[in-house]
There are 2 protein chains.
Amino acid sequence: MDPESIRQSLEGSGLRCTPQRYGVMAFLMEHAGHPTAAEIFEAVNRLDPRSTRATIYNNLRDLVQAGLVREVAVEGRSARFDAKGMRHHHFVCDRCGSIEDVEWYEVPRPAAGSLGKRVLRECELIVRGLCTRCAPRGTLSAKRRRRVDT
Amino acid sequence: MDPESIRQSLEGSGLRCTPQRYGVMAFLMEHAGHPTAAEIFEAVNRLDPRSTRATIYNNLRDLVQAGLVREVAVEGRSARFDAKGMRHHHFVCDRCGSIEDVEWYEVPRPAAGSLGKRVLRECELIVRGLCTRCAPRGTLSAKRRRRVDT
DNA sequence: ATCTCATATTAGATATAATCTAAATGTTTC
DNA sequence: GAAACATTTAGATTATATCTAATATGAGAT
């Protein structure tokens with residue numbers, strides 16, 4: 001990923017290109033696996049410059065607000081983050097919570113009438129199921145399902 | 001909402017119809033506003049029988065697992081819960097995090113090829129924007145946006 | 001009706017995720 | 001280089017959810 005283009009997209013969005021912020025953005029662009037904040041924290045801190053947890057969260061929030069990064073909430077798990085590159089939908093694994101991209105295709109929007117006076121901004125599709133790592137093993141039946149490492 | 005039919009849907013799913021569990025289920029069926037666990041806890045405990053937080057969470061988990069209730073995760077906010085009645089999509093307010101139902105309509109599923117060996121279970125649409133309470137006031141621009149009461 | 005036992009509930013502790021605070025540091029503007 | 005502003009930091013704090021181990025209870029069997 002070209003460092004200069006990262007710098008430009010940050011500054012183009014009114015964000016200063018600090019080493020820490022650059023690190024978060026660059027990591028997200030190089031790792032499309034939808035990491036959690038904790039994973040980003042760990043990965044970034046194996047390199048330089050190191051960041052504190054608060055800085056990671058601050059920068060993720062700024063990047064999301066600037067529209068450069070998308071945050072995806074998953075039931076019962078930590079949020080995951082995703083550099084907005086090509087448009088795509090999301091596949092969420094019901095078992096391990098991992099997120100993968102699904103090739104983009106147009107989805108019809110709800111009729112204006114059914115929305116009333118609400119303002120529609122975005123329309124996103126979440127596909128749920130079992131990822132390839134989880135599928136062969138099928139569904140867990142244990143009542144209190146334990147988290148699974150991603 | 002007919003008490004007997006609630007009892008039956010619980011038992012039909014292999015869940016004992018305890019007063020606490022019944023209370024959670026009945027509350028969700030009577031309040032389609034997608035309450036959070038905390039809201040359910042509060043509401044249920046204004047009546048009898050009272051439940052502890054753990055019981056509310058246990059029952060919500062059991063109900064979700066039994067397929068009677070849906071959990072909806074929202075970025076940066078607590079999970080919300082929804083008795084599965086008629087099929088519908090969800091509208092999430094970007095500003096206050098509230099969830100409203102959007103009339104159901106069929107959405108095309110991703111091509112099998114693009115999913116690879118993943119198992120598709122469900123396909124849900126999330127519509128984002130501003131709810132009627134938030135829309136007139138427009139988008140907040142404050143950098144550190146505060147939570148808003150729902 | 002009562003016995004039995006897996007299931008459910010409880011209080012409180014604990015874990016996890018995310019945010020806040022206040023001070024220090026870095027950057028830009030004049 | 002001083003003022004104004006933005007960012008980072010360490011650590012405390014909050015919010016959300018889960019766990020633990022003891023106790024209670026519902027529902028089928030007797």
Side-chain angles (χ1 to χ4, degrees), chain A residues 7 10-11 13-25 35-42 44-45 48-66 69 71-81 97 141-150, chain B residues 3 6-8 10-25 35-42 44-45 48-66 69 71-81 97 141-150:
Chain A
R7 165 184 218 86
L10 291 177
E11 296 186 339
S13 300
L15 296 174
R16 288 214 310 232
C17 181
T18 67
Q20 290 83 350
R21 183 172 290 151
Y22 177 94
V24 170
M25 190 64 202
T36 63
E39 286 162 0
I40 297 167
F41 174 72
E42 259 202 83
V44 163
N45 278 0
D48 266 326
R50 311 166 80 68
S51 299
T52 61
R53 199 182 324 283
T55 297
I56 298 289
Y57 278 109
N58 285 344
N59 280 323
L60 284 171
R61 182 203 56 222
D62 295 345
L63 292 169
V64 167
Q65 232 165 286
V69 166
E71 177 176 355
V72 187
V74 187
E75 294 73 19
R77 308 190 122 94
S78 1
R80 289 173 174 280
F81 297 88
S141 56
K143 186 163 189 195
R144 308 211 175 188
R145 187 174 305 182
R146 287 280 182 165
R147 295 198 178 178
V148 167
D149 309 306
T150 317
Chain B
I6 295 183
R7 165 183 219 86
Q8 281 174 12
L10 290 177
E11 297 187 338
S13 301
L15 295 174
R16 286 209 320 224
C17 182
T18 67
Q20 290 82 352
R21 183 172 290 151
Y22 177 94
V24 170
M25 189 65 201
T36 63
E39 285 162 1
I40 297 167
F41 174 73
E42 258 202 85
V44 163
N45 279 0
D48 267 324
R50 312 166 79 68
S51 300
T52 60
R53 200 183 323 282
T55 297
I56 299 289
Y57 278 108
N58 286 343
N59 281 324
L60 285 171
R61 181 203 56 221
D62 295 345
L63 293 168
V64 167
Q65 232 164 287
V69 166
E71 177 178 354
V72 187
V74 187
E75 295 72 20
R77 308 190 124 91
S78 1
R80 288 172 175 281
F81 297 87
S141 56
K143 188 164 188 194
R144 307 209 176 188
R145 187 173 304 183
R146 287 278 180 169
R147 295 196 177 179
V148 168
D149 309 305
T150 316

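Chain naming here is simple, since letters A, B, ... match the order of the sequence lines and numbering starts at 1 in each. Predicted model only: the values in this text are computed from it and were never measured.
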### Closest-nucleotide 5' rank along DNA chain C - winner of A:A79 and B:I56
B:I56

### Query
To the nearest 10 degrees, how far apart in direction are the end axes of the helix from C:dA1-D:dT30 to C:dC30-D:dG1, each fit to five base pairs?
40°

#### Entry: Heavy-atom side-chain contact between A:R50 and A:D48 under 4.5 Å
yes

### Query
Any side-chain heavy atom of B:V69 within less than 4.5 Å of one from B:M25?
yes

### Considering all heavy atoms, the nearest B:R80-B:G97 contact
NE-O, 3.3 Å

### Query
Pick one: which of A:D62, A:T55, A:N58 meets side chain to side chain donor-acceptor pair (under 3.5 Å) with A:R21?
A:D62

### Query
Pick the nucleotide of DNA chain D nearest each of A:N59 and B:E71; which residue has the one closer to the 5' end?
A:N59

### Query
What are the two closest non-hydrogen atoms of B:I56 and B:S51, and how far apart are they?
CD1-CB, 3.9 Å

### Query
Between A:Y57 and C:dA18, does any side-chain N or O lie under 4.0 Å from OP1 or OP2?
yes

### Message
Looking at every heavy atom in both B:R53 and B:F41, which two are closest together, and how far apart are they?
### Response
N-CE1, 3.4 Å

### Task
Considering non-hydrogen atoms only, spot the tightest contact between B:T36 and B:F81 and give its length.
C-CD1, 4.4 Å

### Query
With a 4.0 Å cut-off on heavy atoms, is B:A38 in touch with a base, just the backbone sugar-phosphate, or nothing at all?
nothing

### Query
Do A:Q20 and A:V44 have side chains that get closer than 4.5 Å, going by heavy atoms?
no

Considering only nitrogen or oxygen atoms on both sides, find all protein atoms under 3.5 Å from nucleotides 27-30 of chain C and state each distance.
none

What pairs of nitrogen or oxygen atoms, one from the protein and one from nucleotides 9-14 of chain D, lie under 3.5 Å apart?
{"from": "D:dT9", "atom 1": "OP1", "to": "A:R50", "atom 2": "O", "distance (Å)": "2.9"}
{"from": "D:dT9", "atom 1": "OP2", "to": "A:T52", "atom 2": "N", "distance (Å)": "3.1"}
{"from": "D:dT9", "atom 1": "OP2", "to": "A:T55", "atom 2": "OG1", "distance (Å)": "2.8"}

### Message
For A:E11 versus A:C17, what's the shortest heavy-atom pair and its separation?
### Response
OE2-CB, 3.9 Å

